[in-house]
Amino acid sequence: MSRTVNGSAHTSGPVLAAYRYCEAVTGHEARNFAYGIRLLPAEKRQAMSALYAFSRRVDDIGDGELPPEEKAERLDGTRALLTRIRAGEVAEDDTDPVAVALADAGRRFPLPLEGLDELIDGVLMDVRGETYETWDDLAVYCRCVAGAIGRLSLGVFGTANGHDHARAAEYADTLGLALQLTNILRDVREDAGNGRTYLPAQDLAKFGCAAGFHSDTPPPGSDFAGLVEFEVRRARALFATGYRLLPMLDRRSGACVSAMAGIYRRLLERIAADPEAVLRGRVSLPGREKAYVAVRGLAGLDARRTARSPRGDA
């Protein structure tokens, strides 16, 4: 457990080991995410790693090879673990390091842990093979799997200078939607190979792409570039709103968000410049460009630009 000794925080050996495990998972599995959280002070970095490690466990169940009914059972078990964490029933010597770390983070920070229930709900949508007729339908899914993580992260970051936390949570949620829509565009070919379609059916039909994406070329007769341009405009608008969060955070928390969001926004612009690239392979940024985005975030450039812009653009 975390205790206070002579006014300073003291973290026990088992809890520190649990956090180290979560940080190792984060560094190995989430390179884009890790670029941002490196900019945080240790206590916040640990809490963000615990959130990521638990979220990764949920995602891995959904993306695994088990039959749907077994995935649903495992997700039920993960939800039961979350209930134990919320109830304070996870001891520091528990054999599950992710549970130990997340329980400690929940004591240190005002985490809205119901957001992880929403994540489980979203992954269950994947397990059931749900598709989405409209953007409003897809936005429900995106809020579960990404917006909720944005709100949880805000529980770690907090707000600075008396900013309204409820408004900040709205911006964090919207930024999560922007990141998730960028993910969906980047992964359309991979998702199609796994039998999943996320883009709204209305949009696919409008641009002649209802047949799906099963090769490195667009469906015959489709306006694939038009579809991508349409979704990119939507994602840019979400980023513009979500970036209003940056001036509401302290410098290092703002740097973390700016780095993570900046990497995805650059991915979005790469997709916009060459839409068919997402059909040929996974679009990514080189390490030096990710490092530049992190340095830009630490310098506070995006936060200052957003604060000056009446629309919140960074």
Side-chain angles (χ1 to χ4, degrees), residues 18-34 37 46-87 89-90 94-106 111-132 137-153 155 173 176-177 179-184 186-199 260 282:
Y19 277 129
R20 283 196 293 269
Y21 174 84
C22 292
E23 288 184 295
V25 170
T26 303
H28 185 263
E29 300 289 345
R31 304 226 172 118
N32 290 345
F33 187 81
I37 67 169
Q46 290 170 340
M48 290 294 289
S49 294
L51 283 172
Y52 176 81
F54 188 93
S55 302
R56 184 76 206 189
R57 178 177 296 179
V58 175
D59 287 340
D60 285 347
I61 293 171
D63 292 337
E65 301 297 328
L66 293 173
E69 59 274 12
E70 290 188 39
K71 289 183 179 182
E73 286 180 12
R74 293 205 177 189
L75 290 170
D76 284 344
T78 306
R79 199 188 297 274
L81 174 60
L82 184 58
T83 299
R84 288 182 54 226
I85 291 170
R86 275 199 296 258
E89 297 174 356
V90 174
D94 193 282
T95 57
D96 185 339
V98 176
V100 171
L102 185 58
D104 186 74
L111 300 180
L113 289 175
E114 64 275 6
L116 292 171
D117 277 307
E118 292 181 53
L119 173 63
I120 294 169
D121 291 340
V123 172
L124 279 169
M125 294 180 196
D126 285 337
V127 171
R128 293 192 295 264
E130 292 192 17
T131 56
Y132 308 96
D137 296 332
L138 178 59
V140 172
Y141 169 79
C142 292
R143 283 197 165 89
C144 285
V145 299
I149 302 304
R151 285 177 266 122
L152 281 156
S153 299
D173 183 270
L177 266 65
L179 269 60
Q180 188 63 25
L181 182 53
T182 301
N183 267 337
I184 287 169
R186 181 192 63 186
D187 296 341
V188 289
R189 176 77 185 279
E190 179 181 340
D191 289 333
N194 291 326
R196 293 178 181 173
T197 301
Y198 291 102
L199 290 175
M260 290 189 290
R282 191 177 183 88

- Item | Evaluation steps, salt bridge (Lys or Arg N to Asp or Glu O under 4.0 Å), between Asp121 and Arg143 | CA-CA 10 Å; Asp121 291 340; Arg143 283 197 165 89; over 6 Å; no
- Task: Walk me through it: do Asp59 and Glu29 pass the test side-chain contact (heavy atoms from CB on, under 4.5 Å)?
- Result: CA-CA 12 Å; Asp59 287 340; Glu29 300 289 345; over 6 Å; no
- Query: For Arg196 and Asp63, what are the C-alpha separation, side-chain angles and deciding distance, and is it a salt bridge (Lys or Arg N to Asp or Glu O under 4.0 Å)?
  - Reply: CA-CA 11 Å; Arg196 293 178 181 173; Asp63 292 337; 3.0 Å; yes
- Leu181/Cys142 under side-chain contact (heavy atoms from CB on, under 4.5 Å): CA gap, chis, key distance, verdict: CA-CA 8 Å; Leu181 182 53; Cys142 292; 5.5 Å; no
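Shortest non-hydrogen contact noted between Val127 and Gly62 is CG2-CA, 4.4 Å. The two residues Val98 and Cys22 come nearest to each other via the heavy atoms CA-SG, 4.0 Å. Scanning all heavy atoms of the two residues, the minimum distance from Leu75 to Val123 falls at CD1-CG1, 3.9 Å. The two residues Ala50 and Tyr19 come nearest to each other via the heavy atoms CB-CE2, 4.2 Å. Between Ala148 and Gly115 the shortest heavy-atom distance is CB-O, 3.4 Å. Between Ile85 and Phe54, the shortest heavy-atom distance links the atoms CD1-CE1, 4.4 Å.
Judged as a ring-ring contact (aromatic ring centres under 6.0 Å, His included), and not counting sequence neighbours, Tyr21 has no contacts. With sequence neighbours excluded, the residues forming a side-chain contact (heavy atoms from CB on, under 4.5 Å) with Thr197 are Leu204, listed by chain and number.
A heavy-atom distance below 4.5 Å is found between the side chains of Met48 and Ser153. At least one side-chain heavy atom of Arg282 sits less than 4.5 Å from a side-chain heavy atom of Asp187. Between Arg186 and Thr182, the closest side-chain pair of non-hydrogen atoms is not below 4.5 Å. Residues Val140 and Met125 are in side-chain contact: their nearest non-hydrogen atoms beyond the backbone lie under 4.5 Å apart. You'll find the side chain of Arg86 reaches within 4.5 Å of the side chain of Asp117, heavy atoms only. Looking at Ile149 and Leu179, their side chains never come closer than 4.5 Å, going by heavy atoms from C-beta outward. Residues Pro112 and Leu152 have side chains in contact (heavy-atom distance under 4.5 Å, counting atoms from C-beta outward).
Classified by interplanar angle (parallel below 30°, tilted 30° to 60°, perpendicular above 60°), the ring pair Tyr198/Tyr132 is parallel.
Using a 4.0 Å cut-off between a side-chain N of Lys or Arg and a carboxylate O of Asp or Glu, Arg84 and Asp96 do not qualify as a salt bridge.
The 12-atom threshold is exceeded at CZ of Arg56, counting heavy atoms of other residues, nucleotides or ligands nearer than 6.0 Å.
The distance from the CG atom of Leu111 to the CG atom of Leu116 is 8.5 Å, given to the nearest 0.5 Å. Distance check: Thr131 OG1 to Leu138 CG gives 10.5 Å after rounding to the nearest 0.5 Å.
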